[in-house]
Amino acid sequence: MVNELDEETLSLIKQIDVFFNTESIAVVGASKTEGKVGQIIFKNLADNKRRGIYRGELYPINPNEDSILGYRSYPTLQKVLGDVELIIIAVPAKYVPSVLEDAWKKGVKAAAIITSGFSEVGNTDLEEEVKHIISKAGIRVLGPNCLGVYDAYTGIDMLFLPETKTLMNKNVVIATPRPTPGNIAVVTQSGAFGAAAIDCLAGQEMGLSKLISFGNKMDIAEQDILLYLLHDEKTKVILLYIEGIIDGRKFMEVAKKVTKHKPVIALKAGKTPAGARAALSHTGSVAGSDKIYDGVFKEVGILRARNMEGFFDLARALALQPTAKGNNIAIITDAGGPGIMASDECVTLGLNVKQFSEKTIGKFMDLIKEGEIPSFAAYHNPVDLTGVVTSKMFELSMEILLNDPEINGIIVLGLHHTPHLTEDFTDRIAKLSKGFQTPIVACDIGETEMANYIRSRFNKLGIPAFSSPEDAAYAMSGLVEYGMYLMKRGYL
Ligand code: COA
């Protein structure tokens, strides 16, 4: 993809890449004081360097210290002996302009300004002053008022949120986990939501490629990051949390290019007047009409998540499964009630749960005749294998569904509670599905050990699994919506 790029895009990609792949980082405001923003960020990077994950140079900048965590400390950037490509700024807002003047003289290429206290609190003059310096200096800036970036592959970790916390009873617990390397990128205007998002991804065993928090987007905005991620080989799915878009035209132009190749899932906050007011004071964003956002997302092929859970459910589905080439969905279950729930939700979401073809029905009748599935199984859609279900019954029935060209997606409700169902039905279904392009999503209901095991097993085998029939249907609707968008545009 990179070969076809024009000069401007290529140059933008190179500039943004400094935030993720760099030879040298300086933390301005690195501190020895436990819990300070500059202390946590510097320690994250020093830890990752020690573990061999971050391989570049690392410099603390602090006028009052000679060394921090064993690294020689410098009073200013200019005093650093080697080159500095990337800086992370964690000093109070009033010092930020002078730090950037210094960075200009040092030849710094990129800066993440973690510091708050700019346009989001009405301090627009200071933000303008900084803008003026960076445009003269040609320094690309993320923020201010942001978390910066976290790259699960290169170990660049600017999150000032400690990975663990000690409870009052002295137990140490994971507080802000760093997810394992994976293929989902999180792009967020809200830093706090970014941290929560990676907590959710890690807890749900989903891997992350990059987290990018852009805060007030003084320079780099969402469309620049989307364009960068389009060409990022590690990223397959992009999760975008936004409060307001400034340059709508540019955003649409870039989003169309990105969604042609990679799914983008948006969570847009600030739907109501109260939410819009909150967005204004959070990142200075004008939320705008929610209907306009709906229209824009549809037009450019961005999937708008219905809520926070839906955001991650769609990410899981699109990261693991191919898109659907139509909206005819088959449901297969060992539990009648959840089969009805999934059917209802599918129809509510605009999916078809129509009766199978005569040929497919005939194949199920043959299975009954052969004694492979019970005579009382239902086979008109949903397929209900009932409480006597076995792994083999799931496998034989799935084979019929996967071979039906009229079926565009399959929802497997494999409730583990039935007496004869062994956990290997997950493996059998996954193995079988390898030879087909029909997307599959699964569901097991329950909050205890076995349900967690089945869902986790499915996920590891590449079949996204959910804890309710409605969530499974919603995930399938995302695979259908994106597939239909690609087909309508002639991309599939
Ligand atoms: N160059 C280098 N170091 C400098 C400096 C400069 N020009 N000016 C000050 N420092 C040092 C300080 O001496 C201090 O080090 P010390 O602990 O050894 O004394 C360190 O930088 C930090 O400065 P300090 O004045 O202690 O600030 P702070 O740590 O209390 O707060 C911020 C700084 C950036 C964290 C704070 O202003 C802020 O913006 N907090 C909010 C961050 C946030 O929420 N961002 C959005 C996330 S989504």
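Everything numeric in this text was worked out from a predicted model, so none of it was measured. Both ligands and their constituent atoms are indexed starting at 1 by order of listing. Residues take their numbers from the sequence shown, with the count starting at 1.
In this structure, Phe42 and Tyr71 have perpendicular ring planes: the angle between them is above 60°, well past the 30° mark.
Salt bridge absent: Arg306 and Glu470 never bring a charged side-chain N and a carboxylate O closer than 4.0 Å. Salt bridge present: Lys43 and Asp47 bring a charged side-chain N and a carboxylate O closer than 4.0 Å.
For Lys260, there are no salt bridge (Lys or Arg N to Asp or Glu O under 4.0 Å) partners at least two apart in sequence or on another chain. Partners of Glu101 by salt bridge (Lys or Arg N to Asp or Glu O under 4.0 Å), not counting sequence neighbours: none found.
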Side chains of residues 457-466: which donor-acceptor partners sit under 3.5 Å, not counting sequence neighbours?
residue, atom, partner, partner atom, Å
Arg457, NE, Asp427, OD1, 3.3
Arg457, NE, Asp427, OD2, 3.4
Arg457, NH2, Asp427, OD2, 2.6
Asn459, OD1, Arg316, NH1, 3.2
Asn459, OD1, Ala465, N, 2.9
Asn459, ND2, Arg455, O, 3.1
Lys460, NZ, Ser456, OG, 3.0

Using a cut-off of under 3.5 Å, which N/O atoms of ligand 1 pair up with protein N/O atoms, and what distance separates each pair?
residue, atom, partner, partner atom, Å
ligand 1, 13 (O), Asn64, ND2, 3.3
ligand 1, 15 (O), Asn62, ND2, 3.1
ligand 1, 17 (O), Ser31, OG, 2.7
ligand 1, 17 (O), Lys36, NZ, 2.8
ligand 1, 18 (O), Asn62, ND2, 2.9
ligand 1, 26 (O), Lys36, NZ, 2.5
ligand 1, 39 (O), Ser116, N, 2.8
ligand 1, 45 (N), Ile114, O, 2.8
ligand 1, 45 (N), Ser116, OG, 3.1

